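Inspection log for the structure reproduced underneath, given as structure tokens.
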There are 2 protein chains.
Amino acid sequence: MVENEIFRALADPTRRAIFEKLATGGMNASALRDGIDISQPAMSQHLAVLRSAGLVREERQGRFVNYEVDPEGLALIAQWLAKYRAYWPARIEALKVLLKDMDQ
Amino acid sequence: MVENEIFRALADPTRRAIFEKLATGGMNASALRDGIDISQPAMSQHLAVLRSAGLVREERQGRFVNYEVDPEGLALIAQWLAKYRAYWPARIEALKVLLKDMDQ
DNA sequence: ACGACAGATAAGCATGTACTTATGTGATTC
DNA sequence: GAATCACATAAGTACATGCTTATCTGTCGT
């Protein structure tokens, strides 16, 4: 089950921090490390989890590996969330505004 | 951090199943149990986790406790997701359709 | 070809988590 | 008011998870 890996991946605060940083722009694993207090193997392991969850994708560039946000994972969360749209109250307005933004 | 509790709560497949069932309509803890193979204490513990994450809320009714989906938690996920709207590709179309649904 | 570098993988360990059984707490029924 | 019911809590246990240190793989510069 794909949702399982996604939510499991995001359940860890360090992993969310990595994802958030990656969302500011693609970068390699070393660049990701500074600012976050984490060892090289730990980072590598976290990236592997995020990648297998479809939240992040990699691209080899010589001896560097460039990581970037994979929209696939985000889309799956949105799909999951959409199943419960019946429970959305007034916040729908906010979402509509957001949608308009995306549309331009 | 609230996001932490939410994602942690949803990381467990049993808990997602409970939430999903609850999304079909509020019900008490015993009613939630049938169909899902789970002991009474386990259910109680899962509900406590979902509740403290803001995904579910309870209402005492005599000796029963009625549970229902709490929109608060869902809204927080949506907010989290919105931070990454820059990464949404063509799926925006799908979301727009969804939005139209919600709007009617 | 060799050393340095970016990153992945392996193995071990400490802590977290989801379950179990047992028991506690209120509300209901007789 | 005693038994029963719905649910919560406690304590223990097996397994998952995130870290560590050590090592491996592959690429680059010289």
Side-chain angles (χ1 to χ4, degrees), chain A residues 1-22 24-70 73, chain B residues 1-22 24-70 73:
Chain A
M1 189 182 275
V2 191
E3 284 163 5
N4 216 329
E5 280 193 280
I6 293 185
F7 284 121
R8 238 187 40 68
L10 293 173
D12 183 72
T14 305
R15 229 136 42 203
R16 280 202 312 283
I18 292 169
F19 182 82
E20 195 151 338
K21 184 161 190 179
L22 219 44
T24 67
M27 67 187 86
N28 61 54
S30 297
L32 265 173
R33 278 185 65 201
D34 52 48
I36 305 179
D37 184 28
I38 194 171
S39 71
Q40 181 269 315
M43 174 59 79
S44 185
Q45 287 158 15
H46 280 309
L47 286 170
V49 172
L50 288 169
R51 198 171 74 83
S52 99
L55 285 162
V56 146
R57 61 187 173 200
E58 65 178 55
E59 191 186 347
R60 265 256 147 195
Q61 266 166 9
R63 69 178 151 174
F64 297 82
V65 177
N66 204 278
Y67 283 91
E68 59 180 8
V69 167
D70 186 347
Chain B
M1 190 182 274
V2 191
E3 285 162 5
N4 216 329
E5 280 194 281
I6 293 187
F7 284 122
R8 238 187 40 69
L10 293 173
D12 184 72
T14 304
R15 228 137 44 203
R16 280 201 313 281
I18 293 169
F19 181 81
E20 196 152 337
K21 184 162 190 178
L22 219 44
T24 69
M27 69 187 85
N28 61 53
S30 297
L32 265 174
R33 276 185 66 202
D34 51 49
I36 305 178
D37 185 29
I38 192 171
S39 72
Q40 180 270 314
M43 173 60 79
S44 185
Q45 285 159 16
H46 280 310
L47 285 170
V49 172
L50 286 169
R51 198 171 75 82
S52 101
L55 285 162
V56 146
R57 60 187 173 199
E58 67 179 54
E59 190 186 347
R60 264 258 147 193
Q61 265 163 11
R63 69 178 151 176
F64 297 82
V65 177
N66 203 278
Y67 283 91
E68 59 180 9
V69 167
D70 186 347

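Predicted model only: the values in this text are computed from it and were never measured. All chains are named by letter (A, B, ...) in the order of the sequence lines, taking the proteins before the strands, and each is independently numbered beginning at 1.
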When every non-hydrogen atom of A:A29 is compared with those of A:M43, the smallest separation belongs to O-CG, 4.0 Å
Between the CE atom in B:M27 and the CD atom in B:E68, the distance rounded to the nearest 0.5 Å is 11.5 Å
Within residues 26-40 of chain B, the residues having a heavy atom closer than 4.0 Å to DNA chain C are B:S39
All N/O contacts under 3.5 Å from nucleotides 1-5 of chain D to the protein, with atom names and distances to one decimal?
| unit_1 | atom_1 | unit_2 | atom_2 | d |
| --- | --- | --- | --- | --- |
| D:dC5 | O4' | B:R63 | NH1 | 3.2 |
| D:dC5 | O2 | B:R63 | NH1 | 3.4 |

Here the pair of heavy atoms bringing A:L22 nearest to A:V56 is CD2-CG2, 3.4 Å
Checklist entry - Are OP1 or OP2 of D:dA8 and a side-chain N or O of B:Y67 less than 4.0 angstrom apart? => result yes
- Message: Does B:R51, at its CZ atom, have more than 12 non-hydrogen atoms belonging to other residues, nucleotides or ligands within less than 6.0 Å?
- Response: no
Side-chain touch A:L47/A:L32, heavy atoms, less than 4.5 angstrom: yes
Using modelled atom types only, decide if a donor and an acceptor are shared between the side chain of A:N28 and the backbone of A:A31 within a distance under 3.5 Å.
yes
Here the pair of heavy atoms bringing A:N4 nearest to B:A11 is OD1-O, 3.3 Å
Under a 4.0 Å heavy-atom cutoff, the residues of residues 44-62 of chain A touching DNA chain C are A:S44, A:Q45
Heavy-atom nearest pair, B:A9 first then B:L50, reads CB-CD2, 4.2 Å
The complete set of side chain to side chain donor-acceptor pair (under 3.5 Å) pairs with one or both residues in residues 39-48 of chain B, sequence neighbours excluded, reads B:R15-B:H46
Within residues 5-19 of chain B, the residues having a heavy atom closer than 4.0 Å to DNA chain D are none
Rounded to the nearest 0.5 angstrom, the CG-CD1 distance for B:L10 and A:I6 is 11.5 Å
Between A:E58 and A:V65, the two heavy atoms sitting closest are CB-CG1, 3.7 Å
For residues 33-43 of chain B, the salt bridge (Lys or Arg N to Asp or Glu O under 4.0 Å) pairs (sequence neighbours left out) are B:K21-B:D34
